[in-house]
Amino acid sequence: MAAVSTDSIPSVNKAWVYSEYGKAADVLKLDPNVPVPEIKEDQVLIKVVAAALNPVDYKRMFGYFKATDSSLPTVPGYDVAGVVVKVGSQVTKFKVGDEVYGDLNEKALENPTRFGSLAEYTAATERVLALKPQNLSFVEAASLPLAIETAYEGLERTEFSAGKSILVLGGAGGVGTHVIQLAKHVFGASKVAATASTRKLELLRSLGADLAVDYTKEKFEELPEKFDVVYDTVGESDRAVKAVKEGGKVVTIVPGPVAAAAFIFILTSTGTILEKLKPYLESGKVKPVLDPTSPYPFSKTVEAFAYLETSRATGKVVVHPIP
């Protein structure tokens, strides 16, 4: 397929940029003259409609993995939903006008793109994208890729399957809300337990949790039953290993010290997972979970980051419209 060009694509666009590491409030600036990225043969150019924020965005901005980061300045943003406006010569899955979504960075911590989704336009390789399910808004679609792919890959790596039990630590967060849903409605868990604070317990039950554990009132490792899998999204693997059955598995997604009996993984982003889950998203068996404060307008992106940094978000924080 030959490269498709559109005369209406500008040479520069509005984007949020940081040129040094630090907190969003200190380093993130709106720049109206950032060059629109040039696409490679296997990429598409996307007119961004919505972008979701993830903890990896602000941890990257803090400089937590500067040794493997791409060079500054950086336009942050992993998750995107938008419309294809230009396709590279080797792209076969998408055409101009397609509504797509995905996590831009195949390897989250290894040389992630300098031109993320918090801009009017962004470039993405074909293999990290999927067609947006028709029943989802762009805001809902943008909330999904990194979180739902992480949830799915973690379950796959623990060899989770029908009839097994699971405990999800941080069940109301971006990843946790999807671990609950996927374990119950896709993998066929026999029992799903999950932790959250008092006011979020009803959400856990609505997503499919059989047991909602209030971590402000009880210690999950003291529950009378143990689980085949413990999925740790909050960084408590030392306690998680006390809640797993003998021969069971503990997976964590939080970098840092990890208990000897647990394992950590970093997502490899691929549109294949999104395609696999499309029937569940279209049927409503698996739903996006948006924080009540979402969406934030593009002009309030710094405020959106400040809120995410509190670790109090329920589900996902999304920026829309752009700009």
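Computed from heavy atoms alone, side chains included, the values below leave out hydrogens, waters and symmetry copies.
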Indicate, with yes or no, if Val48 and Val44 share a hydrophobic cluster defined by side-chain heavy-atom contacts under 4.5 Å among Ile, Leu, Val, Met, Phe, Trp and Tyr.
-> yes

Hydrophobic cluster (4.5 angstrom, side-chain heavy atoms) - remaining members for Ile264 = Val258

Verify same cluster id: Val317, Val234 (apolar side-chain graph, 4.5 Å) | no

Who passes side-chain contact (heavy atoms from CB on, under 4.5 Å) against Thr216, sequence neighbours left out?
-> Ser197, Thr198, Asp214

For residues 161-197, the ring pair (Phe, Tyr, Trp, His ring centres under 6.0 Å) pairs (sequence neighbours left out) are Tyr152-Phe187

Thr268-Lys107 side chain donor-acceptor pair, cut-off 3.5 Å | yes

Which residue pairs satisfy the ring pair (Phe, Tyr, Trp, His ring centres under 6.0 Å) criterion with at least one member in residues 299-323, sequence neighbours excluded?
-> none

Using side-chain contact (heavy atoms from CB on, under 4.5 Å) as the criterion, list what pairs up with Lys245, not counting sequence neighbours.
-> Ser165, Lys226, Asp228

Starting from the C-alpha separation in whole Å, work towards a yes-or-no answer on salt bridge (Lys or Arg N to Asp or Glu O under 4.0 Å) for Arg239 and Glu236.
-> CA-CA 6 Å; Arg239 292 172 61 200; Glu236 295 186 332; 3.3 Å; yes

Among residues two or more places apart or on two chains, list those pairs meeting salt bridge (Lys or Arg N to Asp or Glu O under 4.0 Å) that have a residue in residues 13-29.
-> Lys23-Glu309

Pro297: what forms a side-chain contact (heavy atoms from CB on, under 4.5 Å) with it, not counting sequence neighbours?
-> Ser299, Lys300

Side-chain hydrophobic cluster, 4.5 Å single linkage: members besides Val83 = Val49, Phe138

Of all residues at least two apart in sequence or in a different chain, which pass the ring-ring contact (aromatic ring centres under 6.0 Å, His included) check with Tyr64?
-> Phe62

Hits for side-chain contact (heavy atoms from CB on, under 4.5 Å) against Thr272, two or more places apart or cross-chain, chain-then-number order -> Thr270

Atom CD1 of Ile148 and atom CG of Asp103: how far apart are they, to the nearest 0.5 Å?
-> 12.5 Å

Which other residues belong to the hydrophobic cluster containing Val318, where Ile, Leu, Val, Met, Phe, Trp and Tyr are joined when side-chain heavy atoms lie under 4.5 Å apart, directly or via other members?
-> Val139, Leu290

Name all residues meeting the ring-ring contact (aromatic ring centres under 6.0 Å, His included) criterion together with Phe220; count only those two or more places apart in sequence or in a different chain, and write none if there are none.
-> none

